Amino acid sequence: EGFDTEHTRFASKYSLYLYREVGVDEETKVKGVPVLFITGNAGSYKQVRPIAAEAARYFAEHVQQDEALLKSGMRNLDFFTADFNEDITAFHGQTLLDQAEFLNDAVAYILSLYHDPQRSSRDPGLPDPTSVIIVGHSMGGIVARTMLVMPNYQSNSINTIITMSAPHARAPVSFDADIVSTYQKINDYWRQAYSQKWANDNPLWHVTLVSIAGGGLDTIVPSDYASLSSLVPDTHGFTVFTSSIPNVWTGSDHLSILWCDQMRKVIVRAILDVVDVNRPGQTKPRAQRMKVFKRWFLTGMERI
C-alpha cells in the first residue's frame, strides 16, 4: 500500500506485491533477500507463484535448520512482483520504458523497506541490502535489461538477472518503431559496456545474466532470440536450453517454463546458492555467482 504517488508517477497505473506462502511463511515483514519477478507480455503478476512457493517451502524444509548454510549467508527469498494489468509490452516501446521506470522506483522502495525496523525483521547485525535479484519471464527479461539503461536506475541495485524465454537478441514483433529503437539502445548499451577495456569503465561489470530458452516447444519466442552470444561475454552470462539443464532434461513451452516443477526447483536452488546476506549486494562476488550458475544450469560438458 505504501508504494504510492510519492514514490512513483505510475502508482495509479501499476502496483507492487510481496508474495507469501500460506502455512509456510505468513510473516508480512521483509526478512530475507529481495527478489523481483517481472512478468512478460500480457502476463499476470500471479505468475510469480510457482517459483516463490517452491522457494518458501524449500527454505523452510531444508535450509532453516542448517546452521552451516545460514552461517554461509543463505536466507529465505522475499519475492516481490509487479501488477502491470496485463500490459502489452511486446508491441509497444513506450510501455516497455514505463514498466522499466516503474520497476526502478519499485527497487528503490523495496530496498528502503529493509532499512525500516517496523517493516523489516532482519538480523540488525547484517548490512542493509543494496541490490535486488531479478527473475524475468519473456518480455519481463527485456524490461529487466532496460532498467539498467534508464535515468532513474540506482547504480548497482541489480547484479543478478535470470530470464526465461526472453527475446534478448531482437524484438519479437517489429512493427512499432519505438520498440525497435528501444531494443537497439539497450543492446548497444550492453555491448559497449562489455567491450570496455577496463572493468572500471564497464557499468555492468558486476552484473550476471542467465538466459533460459524453452527450445522447440516454445512457439512464441524462437529460442534463437533468447541467445546472449552477441550481448554478454562468457564471463558474465550464458544461454541454456531447458532440455540440457541437469535434472530438467526436457523442452518447455512459453508458459510452462514458469511452472515446470523440475525447472522451478533448479532456479530456486541456484538463486539460494548465490545468496550471501553478509554482503551489501546480497550475493556472492560475480566470479563465484557464475561458477554456481554453471554448476546448476550446465552439464559441464560444454566447450567453455
Side-chain angles (χ1 to χ4, degrees), residues 10 13-15 36-48 50-51 81-104 106 134-151 153 158 161-193 204 209-232 237-243 251-260 263:
F10 296 108
K13 186 180 179 188
Y14 302 139
S15 42
L36 177 60
F37 172 79
I38 309 173
T39 185
N41 179 54
S44 163
Y45 68 101
K46 294 179 181 178
Q47 288 172 321
V48 70
I51 294 173
T81 176
D83 182 4
F84 292 132
N85 303 309
E86 300 177 18
D87 254 353
I88 305 289
T89 36
F91 312 137
H92 192 233
Q94 190 54 50
T95 302
L96 183 72
L97 296 172
D98 286 358
Q99 289 190 2
E101 184 184 324
F102 171 81
L103 289 173
N104 275 329
I134 304 275
V135 177
H137 174 244
S138 187
M139 285 303 288
I142 308 309
V143 175
R145 282 181 47 231
T146 309
M147 289 166 73
L148 288 89
V149 306
M150 298 296 285
Y153 173 63
I158 296 171
I161 304 173
I162 296 178
T163 67
M164 293 173 274
S165 301
H168 291 293
R170 53 167 297 186
V173 179
S174 49
F175 53 64
D176 173 46
D178 261 6
I179 199 134
V180 176
S181 66
T182 303
Y183 251 86
Q184 191 157 5
K185 187 179 147 198
I186 304 160
N187 286 351
D188 285 351
Y189 178 88
W190 278 66
R191 284 192 189 108
Q192 280 163 4
L204 304 177
L209 173 59
V210 175
S211 172
I212 302 168
L217 289 178
D218 188 342
T219 53
I220 294 176
V221 170
S223 291
D224 295 356
Y225 286 20
S227 171
L228 299 174
S229 58
S230 72
L231 296 167
V232 179
F238 55 83
T239 314
V240 63
F241 284 75
T242 55
S243 53
S252 166
D253 70 51
H254 195 67
L255 287 174
S256 68
I257 196 167
L258 281 166
W259 57 75
C260 164
M263 190 66 242

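In this text the structure is predicted, and so the values were computed from the model without any measurement.
- Scanning both residues, Y183 and H168, for their nearest heavy atoms gives CE2-O, 3.7 Å.
- Side chains of N187 and R145: a donor on one and an acceptor on the other come within 3.5 Å.
- Between L103 and M147 the shortest heavy-atom distance is CB-CE, 3.6 Å.
- Under the side chain to side chain donor-acceptor pair (under 3.5 Å) criterion, T39 pairs with Q47, not counting sequence neighbours.
- A distance-only check finds a donor-acceptor pair linking the side chain of Y153 to the backbone of I158 [under 3.5 Å].
- With sequence neighbours excluded, no residue satisfies ring pair (Phe, Tyr, Trp, His ring centres under 6.0 Å) with F241.
- A distance-only check finds no donor-acceptor pair linking the side chain of S211 to the backbone of T239 [under 3.5 Å].
- Every residue two or more places apart in sequence or in another chain was checked for a salt bridge (Lys or Arg N to Asp or Glu O under 4.0 Å) with D87, and none qualifies.
- Closest approach of D178 and G93 over heavy atoms only: CB-CA, 3.8 Å.
- No side-chain heavy atom of D176 sits less than 4.5 Å from a side-chain heavy atom of F91.
- You'll find the side chain of S165 stays beyond 4.5 Å of the side chain of I212, heavy atoms only.
- The structure places NE2 of H92 at 9.5 Å from OG1 of T182, a figure rounded to the nearest 0.5 Å.
- Other residues, nucleotides and ligands contribute over 12 non-hydrogen atoms within 6.0 Å of the CD atom of Q94.
- Looking only at distances, no side-chain donor or acceptor of T89 sits under 3.5 Å from a matching main-chain atom of L96.
- Note that the CG atom of L255 and the CD1 atom of I220 stand 6.0 Å from one another [nearest 0.5 Å].
- For R191, the side chain to side chain donor-acceptor pair (under 3.5 Å) partners are S230, not counting sequence neighbours.
- You'll find the side chain of T81 stays beyond 4.5 Å of the side chain of L36, heavy atoms only.
- Annotation: ring pair (Phe, Tyr, Trp, His ring centres under 6.0 Å) contacts of H137 (sequence neighbours excluded): H254.
- With sequence neighbours left out, A90 forms a side-chain contact (heavy atoms from CB on, under 4.5 Å) with N41, M139, P172.
- For V180, the side-chain contact (heavy atoms from CB on, under 4.5 Å) partners two or more places apart in sequence, or in a different chain, are S174.
- Summarising the geometry, atom CG belonging to L258 is positioned 8.0 Å from atom OG belonging to S252; distances are rounded to the nearest 0.5 Å.
- A donor-acceptor pair under 3.5 Å is absent between the side-chain atoms of D83 and the main chain of Y45, judged by distance alone.
- Remark: K13 pairs with D98 by the salt bridge (Lys or Arg N to Asp or Glu O under 4.0 Å) rule, at least two apart or across chains.
- A distance of 12.0 Å separates CG in N104 from CD in Q99, rounded to the nearest 0.5 Å.
- The heavy-atom pair separating A171 from I179 by the smallest distance is CB-CG2, 4.3 Å.
- Under the side-chain contact (heavy atoms from CB on, under 4.5 Å) criterion, A144 pairs with I38, I134, I161, not counting sequence neighbours.
- Atoms CZ and OH, from F102 and Y14 in turn, are 8.5 Å apart once rounded to the nearest 0.5 Å.
- The shortest non-hydrogen separation linking S223 to G215 is OG-N, 3.0 Å.
- For D253, the side chain to side chain donor-acceptor pair (under 3.5 Å) criterion is met by S256, not counting sequence neighbours.
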- Yes or no on side-chain contact (heavy atoms from CB on, under 4.5 Å) for F238 and L209, after CA distance, side-chain angles and deciding distance? CA-CA 7 Å; F238 55 83; L209 173 59; over 6 Å; no
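- Pairing each heavy atom of A42 with each of I88, the nearest pair is CB-CD1, 4.0 Å.
- Judged as a ring pair (Phe, Tyr, Trp, His ring centres under 6.0 Å), and not counting sequence neighbours, Y225 has no contacts.
- Remark: S229 engages S227 in a side chain to side chain donor-acceptor pair (under 3.5 Å) (not counting sequence neighbours).
- When atom types are taken as modelled, the side chain of S138 and the backbone of G40 share no donor-acceptor pair closer than 3.5 angstrom.
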